[in-house]
Q: 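One structure, pasted below without further comment.
Chain naming here is simple, since letters A, B, ... match the order of the sequence lines and numbering starts at 1 in each. Only this structure's heavy atoms are used, side chains among them; waters, hydrogens and symmetry mates stay out.
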There are 2 protein chains.
Amino acid sequence: MDTADRPDAAARRGPCAAIPAEQMGFVRQILDRIGDKWSMLVIAVLDTGPLRYTDLQREVPGISQRMLTLTVRQLQQDGLVTRTAHAEVPPRVEYALTPLGRSLHQIVTSLITWVADHHGQIREHRTNAATTP
Amino acid sequence: MDTADRPDAAARRGPCAAIPAEQMGFVRQILDRIGDKWSMLVIAVLDTGPLRYTDLQREVPGISQRMLTLTVRQLQQDGLVTRTAHAEVPPRVEYALTPLGRSLHQIVTSLITWVADHHGQIREHRTNAATTP
DNA sequence: CAGTATCCACCGAGATACTG
DNA sequence: CAGTATCTCGGTGGATACTG
């Protein structure tokens with residue numbers, strides 16, 4: 001392995017205390033997916049129970065049909081949400097969190113709560129940084 | 001406000017239990033930033049203390065100079081990291097988490113831990129979904 | 001060492017229109 | 001109602017080269 005001669009602190013503790021080097025790739029990959037523009041919000045919004053397609057679209061303001069479709073499909077393939085099509089007319093399709101999705105949901109909620117709590121501070125910093133370049 | 005005539009469930013509980021409608025915009029905006037390709041990893045990697053530019057680059061495998069520079073600058077403007085340039089030669093610049101950044105770091109760590117714990121399950125689901133379309 | 005500058009490819013994502 | 005199809009644009013992000 002080419003890390004054999006790495007001399008310093010990095011070698012001791014790896015790239016990050018929380019991430020073994022071998023998993024970094026996966027972590028990056030999955031972080032990319034759930035950290036994409038919409039996934040977190042969709043997951044967040046499913047916390048109160050199953051939602052239909054149109055409801056999702058309303059609850060996540062600004063999402064396009066395309067992106068909603070792609071996002072839920074990804075989430076479904078990743079086993080984070082279920083898609084249940086009821087054979088009725090008019091069609092009804094409901095999306096819900098799987099247990100896996102629910103476990104992620106908790107973290108997403110923490111993140112969103114954090115943002116809600118601190119976006120004031122962040123905005124301050126931003127304007128400060130902008131006015132004092 | 002144009003939500004006055006909204007009739008149904010969404011009106012009762014808002015777009016998401018965790019997100020008041022008015023904050024959705026901010027939340028989206030900030031989630032976009034910290035959920036971008038690199039910010040989380042940079043924050044994660046700063047957990048063990050200040051790091052220099054080159055160290056950051058090594059600890060976050062795959063990041064380009066451009067992206068590292070952009071990312072730390074954003075994080076700095078948002079008040080999540082500090083940049084300390086030591087007037088020496090050769091120059092030494094250290095990046096560290098602010099208290100604000102540290103509070104976010106905890107959540108990021110949870111997220112990364114979750115991913116590390118569950119990426120196996122996710123990969124399973126993905127391959128299942130791929131083989132049974 | 002710690003960046004900036006520039007160029008470019010890719011694809012994320014919106015708009016629009018159509019379908020089962 | 002719940003999508004799919006297609007087109008298109010803009011920005012993100014990578015590679016490379018240069019600088020204080």
Q: Under 4.0 Å between a side-chain nitrogen and a carboxylate oxygen: does that hold for D55(A) and R58(A)?
A: yes
Q: On the nucleotide dA2(D), are OP1 or OP2 found under 4.0 Å from the side-chain N or O atoms that R52(A) carries?
A: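 Result: yes.
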Q: Does the side chain of T54(A) get closer than 4.0 angstrom to OP1 or OP2 of dA2(D) through an N or O atom?
A: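 Yes, such a contact exists.
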Q: Is it true that a side-chain atom of T127(B) and a backbone atom of E124(B) form a donor plus acceptor pair closer than 3.5 Å?
A: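 Yes, T127(B) side chain to E124(B) backbone: donor-acceptor pair under 3.5 Å.
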Q: At 10 degrees resolution, what angle do the end axes of the helix from dC1(C)-dG20(D) to dG20(C)-dC1(D) form when each is taken over five base pairs?
A: 50°
Q: Under 3.5 Å, side chain of T98(A) to main-chain N/O of G79(A), donor-acceptor pair present?
A: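 Yes; judged by distance alone, with no hydrogens or angles, the pair exists.
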Q: Under the criterion side chain to side chain contact (heavy atoms under 4.5 Å, CB included), which of V45(B), I43(B), I63(B), L70(B) is the partner of W38(B)?
A: I63(B)
Q: Return no unless some side-chain N or O of R73(B) is found under 4.0 Å from OP1 or OP2 of dT4(C).
A: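 Yes.
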Q: Once you round it to whole Å, what is the distance between P of dA2(D) and CG of L68(A)?
A: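 After rounding, the reported distance stands at 10 Å.
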Q: So if I define the base as every atom that isn't primed, P, OP1 or OP2, how would nucleotides 11-20 of chain C read as a B/S/- string at a heavy-atom cutoff under 4.0 Å?
A: --BBB-B--B
Q: Hey, is the side chain of Y95(A) poking within less than 4.0 Å of OP1 or OP2 on dG3(D), counting only N and O atoms?
A: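 True: Y95(A) side-chain N/O within range (under 4.0 Å) of dG3(D) OP1/OP2.
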Q: Between E59(B) (CD) and dA2(C) (P), how many Å, whole number?
A: 13 Å
Q: For T71(B), which residues count as a side chain to side chain donor-acceptor pair (under 3.5 Å) partner, sequence neighbours excluded?
A: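 Here no residue qualifies.
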Q: Which pairs, with at least one residue in residues 64-113 of chain B and sequence neighbours excluded, count as a ring pair (Phe, Tyr, Trp, His ring centres under 6.0 Å)?
A: none
Q: So if I apply the side chain to side chain contact (heavy atoms under 4.5 Å, CB included) rule between I112(A) and each of V108(A), T109(A), V115(A), which one comes out positive?
A: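 Running side chain to side chain contact (heavy atoms under 4.5 Å, CB included) over V108(A), T109(A), V115(A) with I112(A) returns exactly one hit, V108(A).
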Q: Would you please name every residue forming a ring-ring contact (aromatic ring centres under 6.0 Å, His included) with H119(B), sequence neighbours left out?
A: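 Per chain and number, H119(B) pairs via ring-ring contact (aromatic ring centres under 6.0 Å, His included) with F26(A).
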Q: Please state how far atom CD in E94(A) lies from atom C1' in dC1(D), giving the value in whole angstrom units.
A: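 It is 13 Å, rounded to the nearest whole Å.
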Q: Whole-Å distance between dC1(C) P and Q57(B) CD?
A: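 Checked: the CD to P distance equals 11 Å.
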Q: From CD of E88(A) over to P of dA2(D), roughly how many Å is that when rounded to an integer?
A: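 Rounded to the whole Å, the gap is 10 Å.
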Q: Just by modelled atom types, is the L80(B) backbone N or O under 3.5 Å from a matching donor or acceptor in the D78(B) side chain?
A: no
Q: Which residues within residues 76-87 of chain A lie with some heavy atom under 4.0 Å of an atom in DNA chain C?
A: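 None, since no heavy atom is under 4.0 Å.
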Q: Looking at S39(A) and D36(A), would you say the former's side chain and the latter's main chain have a donor-acceptor pair under 3.5 Å?
A: no
Q: Heavy-atom distance under 4.5 Å between the side chains of L46(B) and L56(B), does that happen here?
A: yes
